[in-house]
Amino acid sequence: MGNTNMSSSHPEYFILIGNPGMEDAHFLFSVPFCSMYILALLGNFLLIFIISTNQGLHKPMYQFLITLAVTDILLCSTTVPKSLAIFWTNSGEISFDGCITQVFFVHFCFGVESAILLSMAYDRYVAICSPLAYNRKMTISFIQRILFVALIRGFCAVTPFTLLLIRLPYQGSNVIDHTYCEHMSMAKLATADILVNVVYGLVIAFSMTGIDLVLISFSYILILRAVFKLPTSDARFKAFNTCVSHLCVITLFYIPAFFSFIAHRVGHKDIPLYAHIILANLYVLVPPMMNPII
């Protein structure tokens with residue numbers, strides 16, 4: 001009886017309506033979306049192929065890069081095909097299980113990518129601050145353990161998101177004002193209190209990705225201190241140049257993601273819905289597209 005009540009409180013499907021109020025511009029949105037998605041796939045698959053086939057690139061930093069590329073492919077492929085289906089054919093219907101799956105992989109990929117960026121910051125810290133110990137510390141087996149922990153951490157942090165959504169009843173509207181399913185856009189349709197969902201989302205954001213960003217910042221403070229102690233401007237430039245690409249990736253990843261997160265919970269009354277949805281799509285498209293180029 002309990003199972004029957006639970007299943008009856010869930011709709012068979014949700015309807016993703018894309019960018020509400022801008023339906024006439026959906027085809028125009030699809031052009032840059034599709035172009036960025038193709039570039040993201042080509043760039044990341046090419047990066048994986050080059051690193052996998054070149055023995056000289058089987059080094060710690062490149063292990064991070066290949067994992068980052070796989071995560072980027074999964075992140076944009078979880079959301080963009082459905083978004084394009086909405087833009088091109090108005091096919092917004094998605095099953096309840098399909099919506100839950102999207103929620104899981106969007107947040108899982110974000111958590112894993114954040115951990116990879118933190119690991120890359122540590123790699124740069126060791127390379128610049130303790131260069132003589134680099135080969136001893138940053139072994140392939142050590143990198144593999146770090147990546148395994150990143151995957152387990154992402155899984156353990158995100159699984160409660162899906163369980164918290166499944167426990168909620170959805171007996172009202174089944175229309176989601178978005179191009180893909182994510183935790184809060186789905187939770188807001190529930191006909192029950194979602195305080196636990198809100199609190200858990202905030203806890204994960206600040207205890208996982210927030211701490212990652214703090215540790216990355218701390219790593220770069222130590223790196224900059226070491227760089228400025230180098231004897232020549234040539235050496236300082238060379239050392240800092242090895243970090244520039246990583247700093248660009250961090251900026252592209254965290255700024256739109258955190259802006260989207262805060263807008264969902266704090267600024268939804270002040271920020272137009274279409275702007276929030278565009279930004280939410282850019283943070284699953286721009287980093288995967290730009291990372292291989294950077």
Fill in the blank from the handout: Closest non-hydrogen contact found for Ile15 with Tyr13 is CG1-CE1, 3.9 Å

Practice task
Identify the two heavy atoms, one from Ser35 and one from Val31, that lie closest to each other, and give their separation to 0.1 Å.
Solution key: OG-O, 2.8 Å

Where the side chain of [X] meets the backbone of [Y], is there a donor-acceptor pair that is under 3.5 Å apart?
X	Y	answer
Ser95	Gly98	yes
Asp123	Ser119	no
Ser114	Phe110	no
Ser130	Val126	no
Glu182	Met184	yes
Tyr180	Ala280	yes
Thr191	Pro169	yes
Asn44	Ala40	yes

Problem - More than 12 heavy atoms from other groups under 6.0 Å of OH on Tyr134 - result: yes

Practice task
Check the surroundings of atom OH in Tyr200: do more than 12 heavy atoms from other residues, nucleotides or ligands lie under 6.0 Å from it?
Solution key: yes

Output the distance between atom [atom1] ([X]) and atom [atom2] ([Y]), rounded to the nearest 0.5 Å.
X	Y	atom1	atom2	answer
Leu117	Leu68	CG	CG	6.0 Å
Met186	Leu16	CE	CG	10.0 Å
Phe104	Asp97	CZ	CG	14.0 Å
Ile140	Gln63	CD1	CD	4.5 Å
Leu252	Leu247	CG	CG	11.0 Å
Tyr122	Phe142	OH	CZ	5.0 Å

Fill in the blank from the handout: Sequence neighbours excluded, the answer for side-chain contact (heavy atoms from CB on, under 4.5 Å) partners of Cys156 is Ile152

Handout entry: Whether His183 and Phe161 hold their rings parallel, tilted or perpendicular, with breakpoints at 30° and 60°
Key = tilted

Problem - Ring geometry between Phe29 and Phe87 (parallel below 30°, tilted from 30 to 60°, perpendicular above 60°) - result: tilted

Exercise for the section: Scan side-chain atoms only and decide if Tyr220 and His246 contain a donor-acceptor pair under the 3.5 Å cut-off. Expected result: yes

Problem - Donor on one side chain, acceptor on other, Tyr254 and Thr209, under 3.5 Å - result: no

ILVMFWY network linking [X] to [Y], side-chain heavy atoms under 4.5 angstrom:
X	Y	value
Phe45	Met289	yes
Phe218	Ile250	yes
Ile38	Leu282	no
Leu28	Phe33	no

Practice task
Could you list all the disulfide bond (SG atoms under 2.5 Å apart) pairs where at least one residue sits in residues 163-204, not counting sequence neighbours?
Solution key: Cys99-Cys181

Handout entry: Lys82 vs Ser91 side-chain heavy atoms within contact, under 4.5 Å
Key = yes

Exercise for the section: Indicate yes or no: at least one non-hydrogen side-chain atom of Leu168 is less than 4.5 angstrom from one of Asn197. Expected result: yes

Residues that [X] engages under side chain to side chain donor-acceptor pair (under 3.5 Å), provided they are two or more places apart:
X	value
Ser77	Tyr37
Arg145	none
Thr67	none

Handout entry: ring-ring contact (aromatic ring centres under 6.0 Å, His included) evaluation trace for Phe96 with Tyr170
Key = CA-CA 10 Å; Phe96 182 85; Tyr170 302 87; 5.8 Å; yes

Problem - Residue pairs passing the side-chain hydrogen bond (donor to acceptor under 3.5 Å, both in side chains) test where at least one lies in residues 101-110, sequence neighbours excluded - result: none

Practice task
Using a strict 4.0 Å threshold on nitrogen-to-oxygen distance, state whether Arg153 and Asp212 make a salt bridge.
Solution key: yes

